[in-house]
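The next block holds one structure in the form of structure tokens; read it before the comments.
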Amino acid sequence: MADSSMRAVGWARSFPVSGGVRAGRCWAREHLESLGWTEDAPETVDDVLLTVSELITNAHVHAHSSAQLVLTWDSQCLHVSVHDDGGGVPAPRSPDTTSPGGRGLALVDALSDHWHTHAQQHGKTITACFIPATGNGTG
């Protein structure tokens, strides 16, 4: 009988509104390095870090909330989840050509393999999935 158990590794950390975006990127990069992705899947690392920046920024700017970032690697997909205390479920919008904002979820949609939102009693969570270009993500 084949082993059908799932093996996963994950990390979680909260990033406050003050200075959380840069700290979130640095923290995520450390964990991607531990998976060997900075060597084996550098393009995916760039996509993940930009997504982390966008989702933490959205939590801070739109929800006026700290951002709880969870990274989970299940040997197939890196799940990047950001929870905030804001209500409602966000949707990508057409950016205004005169404004620098409004492109975050469109970027997440373009960079990730897939993504979704989940409304909760206290806030919402956005999760994006990244499958490394190498196919294994284990170095």
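For the numbers below, each heavy atom of this structure counts, side chains included, while hydrogens, waters and symmetry mates do not. Worth saying up front: this structure is predicted, and the values here are computed from it rather than measured.
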Under 3.5 Å, is there a donor-acceptor pair between the side chain of [X] and the main chain of [Y]?
X: H79; Y: V70; value: no
X: D113; Y: I131; value: yes
X: H60; Y: S18; value: no
X: T44; Y: P132; value: no

Please report the interatomic distance [atom1]([X]) to [atom2]([Y]), rounded to the nearest 0.5 Å.
X: I56; Y: I126; atom1: CD1; atom2: CD1; result: 11.5 Å
X: E33; Y: T38; atom1: CD; atom2: OG1; result: 4.5 Å
X: F15; Y: R22; atom1: CZ; atom2: CZ; result: 12.0 Å
X: Q68; Y: D85; atom1: CD; atom2: CG; result: 6.0 Å
X: L105; Y: E54; atom1: CG; atom2: CD; result: 8.5 Å

Tell me, yes or no, whether the heavy-atom count around E39 atom CD, taken from other residues, nucleotides or ligands under 6.0 Å, exceeds 12. no
Should we say atom CZ of R29 is surrounded by more than 12 heavy atoms from elsewhere, each under 6.0 Å from it? no
Given H83, which of H118, K124, Q120 fulfils the side chain to side chain donor-acceptor pair (under 3.5 Å) condition? Q120
The single option from T51, T127, D109 passing side chain to side chain donor-acceptor pair (under 3.5 Å) against W115: D109
Hey, are the side chains of L69 and V80 touching, using non-hydrogen atoms and a 4.5 Å cut-off? yes
Contact summary for [X] and [Y], nearest pair of heavy atoms:
X: S81; Y: T125; value: CB-CG2, 3.9 Å
X: P16; Y: S66; value: CA-CB, 4.0 Å
X: V82; Y: A59; value: CG1-CB, 4.4 Å

Could you go through the side chain to side chain contact (heavy atoms under 4.5 Å, CB included) check for N58 and D84 one step at a time? CA-CA 9 Å; N58 284 354; D84 65 50; 5.8 Å; no
If two hydrophobic side chains count as joined below 4.5 Å and joins carry through other members, does V45 share a cluster with V9? yes
Is it true that V17 and W27 fall in one hydrophobic cluster, defined by side-chain heavy atoms closer than 4.5 Å? no
I need the single residue from W11, W37, F130 that forms a ring pair (Phe, Tyr, Trp, His ring centres under 6.0 Å) with W73. Which is it? W37
